[in-house]
Peer 1: 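Dropping a structure here in structure tokens format, bear with me for questions.
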Amino acid sequence: QVQLMESGGGLVQPGGSLRLSCAASGSIVSIGIIAWYRQAPGSERELVARISRDSTTLYTESAKGRFTISRDNAKNTAYLQMNSLKPEDTAVYYCNVDAITSTDYRLMNYWGKGTLVTVSS
């Protein structure tokens, strides 16, 4: 199994920046796509960004030009650099990964517990 731990959330003023981290642990053989989702209070969970193993990236329109997703395969860690933050970015941010473990060598999907990002004056 795989455990994901998000960190880096907090309170930031509009226009500020935060860098989120997602550290994966467990009997990991390989991690495929890594994605960041977010969920605001009373809202649906939405995809923010995702990155493939070869670092091909995809962003939701609202994140383009402001957010950057990256990964360090050697460390089994992904990051989300968030710049020019807006109040509407306020949400719990979740890490999501596709991974193969040595327990059964099956591709499975895993979620982190989330880290809260609050953008407010």
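Numbers for residues simply follow the sequence, beginning at 1.
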Peer 1: Looking at residues at least two apart in the chain, or sitting in another chain, which of them share a salt bridge (charged side-chain N to carboxylate O under 4.0 Å, His left out) with Lys64?
Peer 2: Glu61

Peer 1: Scan residues 112-121 for pairs that pass side-chain hydrogen bond (donor to acceptor under 3.5 Å, both in side chains), counting only residues two or more places apart or in two chains.
Peer 2: none

Peer 1: Tell me, please, which residues at least two apart from Val117 pass side chain to side chain contact (heavy atoms under 4.5 Å, CB included).
Peer 2: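 With sequence neighbours excluded, Val117 shows a side chain to side chain contact (heavy atoms under 4.5 Å, CB included) to Leu18, Leu20, Met82, Tyr93, Val119, given in chain and number order.
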
Peer 1: Determine, stepwise, if the pair Ser62 / Lys86 fulfils side chain to side chain contact (heavy atoms under 4.5 Å, CB included).
Peer 2: CA-CA 10 Å; Ser62 64; Lys86 306 173 181 179; over 6 Å; no

Peer 1: I need the minimum non-hydrogen distance between Cys22 and Trp36, along with the two atoms involved.
Peer 2: CB-CZ2, 3.6 Å

Peer 1: Not counting sequence neighbours, list each pair that qualifies as a salt bridge (charged side-chain N to carboxylate O under 4.0 Å, His left out) and has a residue in residues 65-77.
Peer 2: Arg66-Asp89

Peer 1: I need the Ile34 CD1 to Thr77 OG1 distance, nearest 0.5 Å.
Peer 2: 8.0 Å

Peer 1: Can you list everything that forms a side chain to side chain contact (heavy atoms under 4.5 Å, CB included) with Ala99? Sequence neighbours excluded, please.
Peer 2: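 Partners of Ala99 under the side chain to side chain contact (heavy atoms under 4.5 Å, CB included) test: Val2, Ile31, Val97, Tyr110.
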
Peer 1: According to the side-chain hydrogen bond (donor to acceptor under 3.5 Å, both in side chains) rule, which pairs have a member within residues 3-28, sequence neighbours left out?
Peer 2: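 Those involving residues 3-28 are Ser17-Asn83.
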
Peer 1: Specify the closest pair of heavy atoms between Ser70 and Ile51, including all atoms of both residues, with the distance to one decimal.
Peer 2: CA-CD1, 3.7 Å

Peer 1: Not counting sequence neighbours, list each pair that qualifies as a ring pair (Phe, Tyr, Trp, His ring centres under 6.0 Å) and has a residue in residues 2-33.
Peer 2: none

Peer 1: Going by ring pair (Phe, Tyr, Trp, His ring centres under 6.0 Å), name the residues that satisfy it together with Tyr37, two or more places apart in sequence or in a different chain.
Peer 2: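 For Tyr37 the ring pair (Phe, Tyr, Trp, His ring centres under 6.0 Å) partners, ignoring immediate neighbours, are Trp111.
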
Peer 1: List in chain and number order the residues that pass side-chain hydrogen bond (donor to acceptor under 3.5 Å, both in side chains) with Glu46, two or more places apart in sequence or in another chain; answer none if no residue qualifies.
Peer 2: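 Checked Glu46 against side-chain hydrogen bond (donor to acceptor under 3.5 Å, both in side chains); matches are Arg38.
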
Peer 1: Ser84: which residues meet the side-chain hydrogen bond (donor to acceptor under 3.5 Å, both in side chains) condition with it, sequence neighbours left out?
Peer 2: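 Ser84 satisfies side-chain hydrogen bond (donor to acceptor under 3.5 Å, both in side chains) with no other residue.
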
Peer 1: With rounding to the nearest 0.5 Å, note down the distance linking OG1 in Thr90 to CG in Leu11.
Peer 2: 8.5 Å

Peer 1: As an exercise, state the distance from CD1 of Ile33 to CG of Asn96, rounded to the nearest 0.5 Å.
Peer 2: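 Result: 9.5 Å between the selected atoms.
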
Peer 1: Using a 3.5 Å cut-off and no angle test, enumerate the donor-acceptor pairs between side-chain atoms of residues 101-108 and protein atoms at least two apart in sequence or in another chain.
Peer 2:
unit_1: Thr101; atom_1: OG1; unit_2: Thr103; atom_2: OG1; d: 2.8
unit_1: Asp104; atom_1: OD1; unit_2: Arg106; atom_2: N; d: 3.1

Peer 1: Test: ring pair (Phe, Tyr, Trp, His ring centres under 6.0 Å). Region: residues 50-73. Which pairs qualify, not counting sequence neighbours?
Peer 2: none

Peer 1: So, for Tyr94 and Gly112, which heavy atoms are closest and what is the spacing to 0.1 Å?
Peer 2: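 Shortest heavy-atom contact: CD2-O, 3.6 Å.
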
Peer 1: Flag yes if Val48 and Leu4 sit in one hydrophobic cluster, no otherwise; membership is Ile, Leu, Val, Met, Phe, Trp, Tyr, and two members link when side-chain heavy atoms are under 4.5 Å apart.
Peer 2: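 Shared cluster, yes.
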
Peer 1: Taking atom CD of Gln39 and atom CG of Leu116, what is their separation to the nearest 0.5 Å?
Peer 2: 12.0 Å

